[in-house]
Amino acid sequence: MHQVFKQILASMVGLVACSHVDAAEPFKVAAYYTSWSSEARQFPVSSIPADKLTHVIFAFALVKEGQVVQMSPEHDARGANLFKQLRMLKSAHPHLKTLISIGGWTGSATFSDVAATPASRARFARSAVQFMRQYGFDGIDIDWEYPVEGGMEGNHHRPEDRDHYPLLLKAIRQQMDRVGHGANTQYLLTSATSGAHYLKHADISAAAKYVDWFNLMAYDFAGPWSKTAGHVASLAIDPLQPAYDGAAPESVQSMVSGYLAAHVPPQKLVVGVPLYGYHWTGCKSEQHGLYQACTAIGKGSWERDMGSLDLSDIELHYTSAQGFTRYEHEATGASWLFRESDGAMVTFDSVTSVQQKVAMIRAQGLGGAMMWELSGDRQHTLINVLSELRQPAVTPN
(Lines give C-alpha, C1' and ligand atoms only; values in the text may rest on other atoms or scores of the structure.)
Protein backbone atom coordinates (compact mmCIF):
# COMPACT_ATOMS: atom_id res chain seq x y z
CA MET A 1 0.00 0.00 0.00
CA HIS A 2 1.29 3.45 -0.84
CA GLN A 3 2.90 5.29 2.09
CA VAL A 4 0.70 8.36 1.58
CA PHE A 5 -2.44 6.25 1.82
CA LYS A 6 -1.12 4.53 4.95
CA GLN A 7 -0.80 7.95 6.55
CA ILE A 8 -4.35 8.87 5.52
CA LEU A 9 -5.71 5.65 7.06
CA ALA A 10 -3.74 6.21 10.25
CA SER A 11 -5.34 9.62 10.70
CA MET A 12 -8.78 8.11 10.05
CA VAL A 13 -8.32 5.46 12.70
CA GLY A 14 -7.57 8.22 15.18
CA LEU A 15 -10.81 9.97 14.29
CA VAL A 16 -12.75 6.74 14.74
CA ALA A 17 -11.27 6.25 18.20
CA CYS A 18 -12.60 9.68 19.19
CA SER A 19 -16.08 9.24 17.73
CA HIS A 20 -17.22 6.02 19.47
CA VAL A 21 -18.48 4.48 16.22
CA ASP A 22 -20.79 1.47 16.58
CA ALA A 23 -18.97 -1.17 14.54
CA ALA A 24 -22.19 -3.19 14.27
CA GLU A 25 -23.87 -0.45 12.22
CA PRO A 26 -24.39 -1.96 8.75
CA PHE A 27 -22.91 -0.20 5.75
CA LYS A 28 -25.18 1.12 3.04
CA VAL A 29 -24.44 0.29 -0.57
CA ALA A 30 -26.79 2.66 -2.39
CA ALA A 31 -27.04 3.57 -6.06
CA TYR A 32 -29.05 6.00 -8.15
CA TYR A 33 -31.19 4.74 -11.03
CA THR A 34 -32.41 7.42 -13.40
CA SER A 35 -35.73 7.99 -15.09
CA TRP A 36 -33.91 8.09 -18.45
CA SER A 37 -31.91 4.89 -17.95
CA SER A 38 -34.53 2.43 -19.18
CA GLU A 39 -35.15 3.82 -22.66
CA ALA A 40 -32.50 6.43 -23.48
CA ARG A 41 -29.65 4.29 -22.13
CA GLN A 42 -31.12 0.82 -22.69
CA PHE A 43 -30.66 -0.12 -19.04
CA PRO A 44 -33.96 -1.56 -17.75
CA VAL A 45 -34.87 -2.01 -14.10
CA SER A 46 -34.22 -5.72 -14.55
CA SER A 47 -30.51 -4.88 -15.05
CA ILE A 48 -30.20 -3.48 -11.52
CA PRO A 49 -27.90 -5.81 -9.49
CA ALA A 50 -30.22 -5.77 -6.48
CA ASP A 51 -28.32 -8.54 -4.69
CA LYS A 52 -25.28 -6.26 -4.48
CA LEU A 53 -27.10 -3.19 -3.16
CA THR A 54 -28.97 -2.16 -0.05
CA HIS A 55 -30.79 0.88 -1.50
CA VAL A 56 -31.84 2.09 -4.94
CA ILE A 57 -32.55 5.81 -5.27
CA PHE A 58 -34.77 6.74 -8.22
CA ALA A 59 -33.85 10.04 -9.90
CA PHE A 60 -35.86 12.13 -10.19
CA ALA A 61 -39.21 13.50 -9.18
CA LEU A 62 -39.68 17.23 -9.75
CA VAL A 63 -41.21 20.20 -7.95
CA LYS A 64 -44.13 21.97 -9.66
CA GLU A 65 -46.13 24.72 -7.98
CA GLY A 66 -44.73 23.68 -4.63
CA GLN A 67 -45.63 19.99 -4.91
CA VAL A 68 -43.93 16.82 -6.08
CA VAL A 69 -44.69 15.49 -9.56
CA GLN A 70 -43.29 12.78 -11.82
CA MET A 71 -40.42 13.65 -14.13
CA SER A 72 -41.62 11.42 -16.99
CA PRO A 73 -45.21 10.28 -16.40
CA GLU A 74 -45.32 8.41 -19.70
CA HIS A 75 -42.92 5.75 -18.41
CA ASP A 76 -42.36 6.40 -14.68
CA ALA A 77 -45.89 5.34 -13.71
CA ARG A 78 -47.35 4.42 -17.13
CA GLY A 79 -46.06 2.55 -20.16
CA ALA A 80 -42.91 0.81 -18.93
CA ASN A 81 -44.06 1.80 -15.42
CA LEU A 82 -40.66 2.02 -13.78
CA PHE A 83 -42.22 2.57 -10.36
CA LYS A 84 -44.11 -0.72 -10.63
CA GLN A 85 -40.95 -2.48 -11.81
CA LEU A 86 -39.09 -1.20 -8.77
CA ARG A 87 -41.82 -2.56 -6.51
CA MET A 88 -41.48 -5.93 -8.23
CA LEU A 89 -37.69 -5.77 -7.78
CA LYS A 90 -38.19 -5.24 -4.05
CA SER A 91 -40.57 -8.19 -3.89
CA ALA A 92 -37.89 -10.40 -5.40
CA HIS A 93 -35.21 -8.93 -3.08
CA PRO A 94 -36.86 -8.25 0.30
CA HIS A 95 -33.70 -6.70 1.77
CA LEU A 96 -33.75 -3.88 -0.80
CA LYS A 97 -35.14 -0.42 -0.01
CA THR A 98 -36.02 2.25 -2.55
CA LEU A 99 -36.11 6.03 -2.26
CA ILE A 100 -37.46 8.72 -4.56
CA SER A 101 -34.99 11.55 -5.16
CA ILE A 102 -36.56 14.97 -5.63
CA GLY A 103 -34.78 17.73 -7.51
CA GLY A 104 -31.36 17.21 -9.05
CA TRP A 105 -29.36 19.56 -11.25
CA THR A 106 -32.26 20.36 -13.58
CA GLY A 107 -35.02 20.14 -10.96
CA SER A 108 -33.91 22.49 -8.18
CA ALA A 109 -35.23 25.80 -9.51
CA THR A 110 -37.91 26.34 -6.87
CA PHE A 111 -36.56 24.61 -3.76
CA SER A 112 -35.85 28.02 -2.26
CA ASP A 113 -39.56 28.87 -2.66
CA VAL A 114 -40.93 25.66 -1.11
CA ALA A 115 -38.50 26.01 1.81
CA ALA A 116 -39.26 29.69 2.44
CA THR A 117 -42.24 29.58 4.84
CA PRO A 118 -43.82 27.18 7.33
CA ALA A 119 -46.88 26.89 5.07
CA SER A 120 -44.89 26.15 1.90
CA ARG A 121 -42.70 23.63 3.73
CA ALA A 122 -45.73 21.82 5.17
CA ARG A 123 -47.45 21.71 1.77
CA PHE A 124 -44.34 20.31 0.10
CA ALA A 125 -43.79 17.76 2.87
CA ARG A 126 -47.36 16.44 2.58
CA SER A 127 -46.97 16.17 -1.18
CA ALA A 128 -43.59 14.42 -0.98
CA VAL A 129 -44.75 11.85 1.56
CA GLN A 130 -47.95 11.21 -0.35
CA PHE A 131 -45.91 10.68 -3.56
CA MET A 132 -43.56 8.31 -1.74
CA ARG A 133 -46.41 6.19 -0.39
CA GLN A 134 -48.48 6.24 -3.56
CA TYR A 135 -45.66 4.72 -5.62
CA GLY A 136 -44.31 2.33 -3.02
CA PHE A 137 -41.01 3.94 -2.05
CA ASP A 138 -39.42 3.46 1.36
CA GLY A 139 -38.06 6.97 1.65
CA ILE A 140 -37.26 10.37 0.16
CA ASP A 141 -33.95 11.86 -0.98
CA ILE A 142 -33.78 15.66 -1.26
CA ASP A 143 -31.31 16.78 -3.94
CA TRP A 144 -31.32 20.58 -3.75
CA GLU A 145 -28.63 21.96 -6.10
CA TYR A 146 -27.99 24.44 -4.45
CA PRO A 147 -29.05 26.59 -1.47
CA VAL A 148 -28.15 30.32 -1.48
CA GLU A 149 -26.33 30.34 -4.84
CA GLY A 150 -25.16 28.15 -7.69
CA GLY A 151 -26.82 25.46 -9.74
CA MET A 152 -28.55 26.06 -13.07
CA GLU A 153 -29.09 29.54 -14.38
CA GLY A 154 -32.54 30.75 -13.35
CA ASN A 155 -32.67 28.86 -10.05
CA HIS A 156 -34.31 30.81 -7.23
CA HIS A 157 -32.09 31.70 -4.28
CA ARG A 158 -32.35 33.45 -0.91
CA PRO A 159 -29.69 34.14 1.74
CA GLU A 160 -32.14 32.50 4.16
CA ASP A 161 -31.80 29.17 2.29
CA ARG A 162 -29.05 28.25 4.74
CA ASP A 163 -31.53 28.07 7.61
CA HIS A 164 -34.54 27.03 5.54
CA TYR A 165 -32.80 23.88 4.29
CA PRO A 166 -32.89 22.04 7.65
CA LEU A 167 -36.40 23.37 8.30
CA LEU A 168 -37.56 21.78 5.05
CA LEU A 169 -36.03 18.47 6.11
CA LYS A 170 -37.66 18.83 9.52
CA ALA A 171 -41.09 19.30 7.93
CA ILE A 172 -40.61 16.18 5.80
CA ARG A 173 -39.39 14.17 8.79
CA GLN A 174 -42.36 15.22 10.89
CA GLN A 175 -44.79 14.31 8.13
CA MET A 176 -43.02 10.98 7.60
CA ASP A 177 -43.14 10.14 11.28
CA ARG A 178 -46.79 11.15 11.54
CA VAL A 179 -47.83 8.96 8.63
CA GLY A 180 -45.39 6.18 9.46
CA HIS A 181 -46.63 5.88 13.03
CA GLY A 182 -50.13 5.15 11.80
CA ALA A 183 -48.83 2.59 9.30
CA ASN A 184 -46.31 1.11 11.75
CA THR A 185 -43.56 1.95 9.24
CA GLN A 186 -40.31 3.87 9.57
CA TYR A 187 -39.53 5.81 6.40
CA LEU A 188 -36.08 6.98 5.31
CA LEU A 189 -35.03 10.58 4.69
CA THR A 190 -31.72 11.35 2.98
CA SER A 191 -30.21 14.36 1.25
CA ALA A 192 -27.71 14.55 -1.60
CA THR A 193 -25.14 17.21 -0.71
CA SER A 194 -21.82 18.58 -1.90
CA GLY A 195 -18.74 19.62 0.05
CA ALA A 196 -17.61 23.20 0.54
CA HIS A 197 -20.78 24.72 -0.93
CA TYR A 198 -23.15 22.93 1.44
CA LEU A 199 -20.88 23.41 4.42
CA LYS A 200 -20.93 27.15 3.74
CA HIS A 201 -24.49 27.67 2.53
CA ALA A 202 -26.53 25.14 4.55
CA ASP A 203 -26.82 24.50 8.27
CA ILE A 204 -25.54 20.95 8.07
CA SER A 205 -25.41 20.49 11.85
CA ALA A 206 -29.13 21.23 12.13
CA ALA A 207 -30.00 19.16 9.04
CA ALA A 208 -28.19 16.12 10.46
CA LYS A 209 -30.88 15.83 13.15
CA TYR A 210 -33.52 14.98 10.57
CA VAL A 211 -31.81 12.85 7.92
CA ASP A 212 -30.94 9.18 8.15
CA TRP A 213 -27.85 10.01 6.14
CA PHE A 214 -26.29 12.42 3.65
CA ASN A 215 -25.46 11.14 0.17
CA LEU A 216 -22.16 12.98 -0.31
CA MET A 217 -21.65 13.90 -3.96
CA ALA A 218 -17.93 13.27 -3.56
CA TYR A 219 -17.14 13.71 -7.23
CA ASP A 220 -16.96 16.35 -9.97
CA PHE A 221 -13.92 17.90 -8.31
CA ALA A 222 -12.74 18.51 -11.88
CA GLY A 223 -14.51 18.20 -15.20
CA PRO A 224 -15.04 19.79 -18.62
CA TRP A 225 -15.75 23.14 -16.93
CA SER A 226 -12.25 23.18 -15.38
CA LYS A 227 -9.45 25.15 -16.99
CA THR A 228 -7.06 22.22 -16.59
CA ALA A 229 -7.51 18.44 -16.55
CA GLY A 230 -7.75 16.97 -13.06
CA HIS A 231 -9.16 14.19 -10.92
CA VAL A 232 -12.92 13.66 -10.90
CA ALA A 233 -13.07 12.13 -7.41
CA SER A 234 -9.70 12.07 -5.67
CA LEU A 235 -9.45 10.58 -2.20
CA ALA A 236 -7.01 13.21 -0.92
CA ILE A 237 -5.86 16.66 -2.03
CA ASP A 238 -2.54 16.86 -3.86
CA PRO A 239 -0.43 19.81 -2.62
CA LEU A 240 0.45 20.41 -6.28
CA GLN A 241 -3.17 20.48 -7.40
CA PRO A 242 -4.23 23.86 -8.78
CA ALA A 243 -7.37 25.68 -7.74
CA TYR A 244 -10.17 25.31 -10.27
CA ASP A 245 -11.85 28.56 -11.23
CA GLY A 246 -10.58 30.17 -8.04
CA ALA A 247 -12.11 27.55 -5.72
CA ALA A 248 -9.96 25.70 -3.22
CA PRO A 249 -9.29 22.06 -4.16
CA GLU A 250 -11.60 19.42 -2.67
CA SER A 251 -11.30 15.70 -2.12
CA VAL A 252 -13.34 12.89 -0.62
CA GLN A 253 -11.42 13.19 2.64
CA SER A 254 -11.77 16.97 2.83
CA MET A 255 -15.54 16.60 2.40
CA VAL A 256 -15.79 13.95 5.10
CA SER A 257 -13.60 15.96 7.46
CA GLY A 258 -15.77 19.04 6.92
CA TYR A 259 -18.95 17.18 7.80
CA LEU A 260 -17.40 15.58 10.87
CA ALA A 261 -16.24 19.03 11.98
CA ALA A 262 -19.87 20.13 11.62
CA HIS A 263 -20.76 17.43 14.18
CA VAL A 264 -22.42 15.05 11.74
CA PRO A 265 -22.23 11.47 13.07
CA PRO A 266 -19.94 9.40 10.82
CA GLN A 267 -22.67 6.81 10.26
CA LYS A 268 -24.71 9.52 8.52
CA LEU A 269 -22.06 10.06 5.83
CA VAL A 270 -22.47 7.89 2.72
CA VAL A 271 -19.64 8.53 0.25
CA GLY A 272 -20.57 8.99 -3.40
CA VAL A 273 -18.54 7.22 -6.09
CA PRO A 274 -18.81 8.11 -9.80
CA LEU A 275 -19.49 5.33 -12.28
CA TYR A 276 -18.24 7.66 -15.00
CA GLY A 277 -15.20 9.71 -15.95
CA TYR A 278 -14.35 12.87 -17.87
CA HIS A 279 -12.46 13.22 -21.12
CA TRP A 280 -10.24 16.03 -22.45
CA THR A 281 -8.13 16.19 -25.62
CA GLY A 282 -5.14 18.28 -26.65
CA CYS A 283 -3.70 18.23 -23.15
CA LYS A 284 -0.05 19.09 -22.65
CA SER A 285 2.11 16.02 -22.05
CA GLU A 286 3.71 17.16 -18.78
CA GLN A 287 2.70 14.84 -15.91
CA HIS A 288 0.91 12.73 -18.54
CA GLY A 289 -1.80 15.36 -18.91
CA LEU A 290 -2.51 15.78 -15.21
CA TYR A 291 -3.22 19.42 -14.21
CA GLN A 292 -2.42 20.51 -17.77
CA ALA A 293 -4.26 22.91 -20.05
CA CYS A 294 -6.23 21.14 -22.80
CA THR A 295 -7.60 22.41 -26.08
CA ALA A 296 -10.97 20.66 -26.15
CA ILE A 297 -13.51 18.54 -24.31
CA GLY A 298 -13.40 14.92 -25.47
CA LYS A 299 -16.43 13.08 -26.75
CA GLY A 300 -18.82 11.56 -24.22
CA SER A 301 -20.65 8.25 -24.13
CA TRP A 302 -24.14 9.77 -24.58
CA GLU A 303 -23.96 13.56 -24.76
CA ARG A 304 -21.19 13.65 -27.33
CA ASP A 305 -20.01 17.19 -26.56
CA MET A 306 -20.09 16.94 -22.76
CA GLY A 307 -17.00 14.80 -22.20
CA SER A 308 -18.69 12.40 -19.76
CA LEU A 309 -17.77 8.73 -20.25
CA ASP A 310 -19.50 5.73 -18.69
CA LEU A 311 -17.07 3.45 -16.86
CA SER A 312 -18.15 0.60 -19.16
CA ASP A 313 -17.24 2.73 -22.18
CA ILE A 314 -13.83 3.52 -20.67
CA GLU A 315 -13.18 -0.17 -20.06
CA LEU A 316 -14.00 -1.08 -23.67
CA HIS A 317 -12.65 1.81 -25.73
CA TYR A 318 -9.96 3.62 -23.72
CA THR A 319 -7.38 0.88 -23.30
CA SER A 320 -3.77 0.17 -24.21
CA ALA A 321 -5.01 -1.15 -27.54
CA GLN A 322 -6.25 2.38 -28.28
CA GLY A 323 -2.93 3.89 -27.21
CA PHE A 324 -3.81 4.82 -23.61
CA THR A 325 -1.54 4.34 -20.62
CA ARG A 326 -3.05 4.10 -17.14
CA TYR A 327 -1.57 5.99 -14.19
CA GLU A 328 -2.20 5.72 -10.46
CA HIS A 329 -1.59 8.90 -8.47
CA GLU A 330 -0.04 8.06 -5.11
CA ALA A 331 -0.59 11.54 -3.66
CA THR A 332 -4.36 11.47 -4.18
CA GLY A 333 -5.49 7.85 -4.47
CA ALA A 334 -6.78 8.56 -8.00
CA SER A 335 -6.44 7.06 -11.47
CA TRP A 336 -6.30 8.45 -15.01
CA LEU A 337 -5.49 7.55 -18.60
CA PHE A 338 -3.35 9.47 -21.07
CA ARG A 339 -2.64 9.09 -24.78
CA GLU A 340 0.46 10.90 -25.98
CA SER A 341 -0.51 11.07 -29.66
CA ASP A 342 -3.44 13.47 -29.21
CA GLY A 343 -3.10 14.51 -25.57
CA ALA A 344 -6.29 12.68 -24.56
CA MET A 345 -6.72 12.51 -20.78
CA VAL A 346 -9.48 10.55 -18.99
CA THR A 347 -10.09 10.85 -15.26
CA PHE A 348 -12.08 8.05 -13.60
CA ASP A 349 -12.32 5.86 -10.52
CA SER A 350 -10.55 2.52 -10.94
CA VAL A 351 -10.76 -0.64 -8.85
CA THR A 352 -7.59 0.48 -7.07
CA SER A 353 -8.93 3.92 -6.15
CA VAL A 354 -12.30 2.55 -5.03
CA GLN A 355 -10.66 -0.10 -2.89
CA GLN A 356 -8.93 2.76 -1.08
CA LYS A 357 -12.31 4.46 -0.58
CA VAL A 358 -13.78 1.25 0.82
CA ALA A 359 -10.86 1.06 3.25
CA MET A 360 -11.49 4.69 4.24
CA ILE A 361 -15.21 4.06 4.82
CA ARG A 362 -14.43 1.08 7.05
CA ALA A 363 -11.58 2.78 8.92
CA GLN A 364 -13.59 5.90 9.64
CA GLY A 365 -16.83 4.10 10.47
CA LEU A 366 -18.84 5.97 7.85
CA GLY A 367 -22.33 5.04 6.68
CA GLY A 368 -21.33 3.36 3.43
CA ALA A 369 -21.13 4.18 -0.26
CA MET A 370 -23.41 5.61 -2.93
CA MET A 371 -23.02 5.42 -6.72
CA TRP A 372 -24.07 7.74 -9.52
CA GLU A 373 -25.46 6.09 -11.58
CA LEU A 374 -26.11 2.41 -12.25
CA SER A 375 -26.10 2.38 -16.05
CA GLY A 376 -22.48 3.54 -16.08
CA ASP A 377 -21.09 0.24 -14.74
CA ARG A 378 -22.69 -2.51 -16.79
CA GLN A 379 -19.93 -5.02 -15.99
CA HIS A 380 -20.30 -4.30 -12.24
CA THR A 381 -16.59 -3.55 -11.99
CA LEU A 382 -16.90 -0.94 -9.22
CA ILE A 383 -20.27 -2.16 -7.98
CA ASN A 384 -18.58 -5.45 -7.04
CA VAL A 385 -15.86 -3.62 -5.10
CA LEU A 386 -18.36 -1.46 -3.21
CA SER A 387 -20.66 -4.39 -2.50
CA GLU A 388 -17.86 -5.81 -0.37
CA LEU A 389 -19.00 -3.31 2.27
CA ARG A 390 -21.96 -5.62 2.88
CA GLN A 391 -19.51 -8.25 4.13
CA PRO A 392 -17.47 -8.13 7.34
CA ALA A 393 -13.93 -6.83 6.93
CA VAL A 394 -11.26 -9.51 6.58
CA THR A 395 -8.68 -9.12 9.33
CA PRO A 396 -5.17 -10.23 8.30
CA ASN A 397 -3.54 -12.87 10.47
Side-chain angles (χ1 to χ4, degrees), residues 32 34-36 57-72 99-117 120-121 124 127-128 140-169 171-172 189-204 206-207 211 214-227 230 232-233 243-250 254-255 258-259 262 272 274 276 278 297 300 302-303 305-308 370 372-373:
Y32 283 86
T34 70
S35 178
W36 55 91
I57 309 171
F58 187 92
F60 291 101
L62 302 178
V63 184
K64 183 178 181 180
E65 297 178 354
Q67 300 191 79
V68 179
V69 299
Q70 298 169 47
M71 172 178 272
S72 303
L99 295 88
I100 180 67
S101 185
I102 304 170
W105 178 257
T106 62
S108 294
T110 61
F111 265 124
S112 181
D113 302 328
V114 299
T117 69
S120 61
R121 292 192 291 268
F124 176 84
S127 171
I140 293 168
D141 175 63
I142 296 297
D143 188 356
W144 180 353
E145 301 185 28
Y146 294 95
V148 180
E149 63 182 21
M152 285 192 70
E153 185 177 354
N155 282 7
H156 300 181
H157 297 106
R158 294 171 173 82
E160 296 82 5
D161 290 345
R162 183 183 188 280
D163 298 316
H164 291 167
Y165 166 69
L167 293 175
L168 181 64
L169 295 173
I172 299 169
L189 177 59
T190 68
S191 184
T193 56
S194 63
H197 183 102
Y198 255 85
L199 290 167
K200 178 180 179 182
H201 293 304
D203 189 340
I204 289 296
V211 298
F214 293 103
N215 288 304
L216 298 184
M217 295 186 286
Y219 36 72
D220 288 355
F221 300 143
W225 57 89
S226 308
K227 293 179 180 178
V232 62
Y244 295 117
D245 301 324
E250 287 194 88
S254 72
M255 286 182 66
Y259 277 74
Y276 63 89
Y278 287 123
I297 298 170
W302 300 96
E303 298 84 11
D305 59 345
M306 296 297 289
S308 179
M370 168 273 284
W372 178 272
E373 48 83 21

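All values derive from a computational prediction rather than experimental measurement. Excluded from the calculations below are hydrogen atoms, water molecules and symmetry mates; all remaining heavy atoms, backbone and side chain alike, are included.
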Engineer: What's the spacing between R121 CZ and L169 CG if we round to 0.5 Å?
Structural biologist: 10.5 Å
Engineer: Is there a side-chain contact between F60 and S35, using heavy atoms and a 4.5 Å cut-off?
Structural biologist: no
Engineer: Which atoms form the tightest heavy-atom contact between I142 and L189, and what is the distance?
Structural biologist: CG1-CD1, 4.4 Å
Engineer: Can W144 and S191 be said to form a side chain to side chain contact (heavy atoms under 4.5 Å, CB included), step by step?
Structural biologist: CA-CA 8 Å; W144 180 353; S191 184; over 6 Å; no
Engineer: Measuring from atom CG of D161 to atom CG of L167, what distance do you get when rounded to the nearest 0.5 angstrom?
Structural biologist: 11.0 Å
Engineer: What distance separates F214 CZ from S194 OG, expressed to the nearest 0.5 Å?
Structural biologist: 11.5 Å
Engineer: Tell me, do D203 and R162 make a side-chain contact under 4.5 Å, heavy atoms counted?
Structural biologist: yes
Engineer: Scan side-chain atoms only and decide if S226 and Y278 contain a donor-acceptor pair under the 3.5 Å cut-off.
Structural biologist: no
Engineer: In terms of the angle between their ring planes, are F111 and F124 parallel, tilted or perpendicular, with boundaries placed at 30° and 60°?
Structural biologist: perpendicular
Engineer: Could you tell me whether Y165 and Y198 have their ring centroids closer than 6.0 angstrom?
Structural biologist: yes
Engineer: Check A61 against V68 and note the closest heavy-atom contact, atom names and distance.
Structural biologist: CB-CG1, 3.7 Å
Engineer: Working to the nearest 0.5 angstrom, can you tell me the gap between I57 CD1 and D143 CG?
Structural biologist: 9.5 Å
Engineer: Heavy atoms, side chains only, cut-off 4.5 Å: are L62 and V69 in contact?
Structural biologist: yes
Engineer: Check step by step if side chain to side chain contact (heavy atoms under 4.5 Å, CB included) holds for T117 and H164.
Structural biologist: CA-CA 8 Å; T117 69; H164 291 167; over 6 Å; no
Engineer: Is it the case that Y259 and T193 place a side-chain donor and acceptor less than 3.5 Å from each other?
Structural biologist: yes
Engineer: Considering non-hydrogen atoms only, spot the tightest contact between A207 and P166 and give its length.
Structural biologist: N-CB, 3.6 Å
Engineer: Any idea which heavy atoms bring N155 and E145 closest together, and the distance?
Structural biologist: ND2-O, 3.2 Å
Engineer: Once you round to the nearest 0.5 Å, how far does CE of M71 lie from OG1 of T34?
Structural biologist: 8.5 Å
Engineer: Taking all non-hydrogen atoms of both residues into account, name the closest pair between Y146 and G151 and its distance.
Structural biologist: CD1-N, 3.6 Å
Engineer: Do V63 and I102 come within less than 4.5 Å of each other through their side chains, counting heavy atoms only?
Structural biologist: yes
Engineer: Return each pair, listed once, that meets side-chain hydrogen bond (donor to acceptor under 3.5 Å, both in side chains) where at least one residue sits in residues 100-111; pairs must be two or more places apart or across chains.
Structural biologist: S101-D141
Engineer: Do any N or O atoms from the side chain of H157 and from the backbone of G150 form a donor-acceptor pair under 3.5 angstrom?
Structural biologist: yes
Engineer: So do the side chains of H197 and E149 get within less than 4.5 Å of each other, counting heavy atoms only?
Structural biologist: yes
Engineer: How close do V148 and P159 get, counting heavy atoms only, and between which atoms?
Structural biologist: CG2-O, 4.0 Å
Engineer: Determine whether N215 and W372 make a side-chain contact, defined as any pair of heavy atoms from C-beta on separated by less than 4.5 Å.
Structural biologist: no
Engineer: Under the side chain to side chain contact (heavy atoms under 4.5 Å, CB included) criterion, do D220 and V232 qualify, and how do the steps go?
Structural biologist: CA-CA 5 Å; D220 288 355; V232 62; 4.1 Å; yes
Engineer: For D163 and E160, indicate whether the former's side chain and the latter's backbone hold a donor-acceptor pair under 3.5 Å.
Structural biologist: no
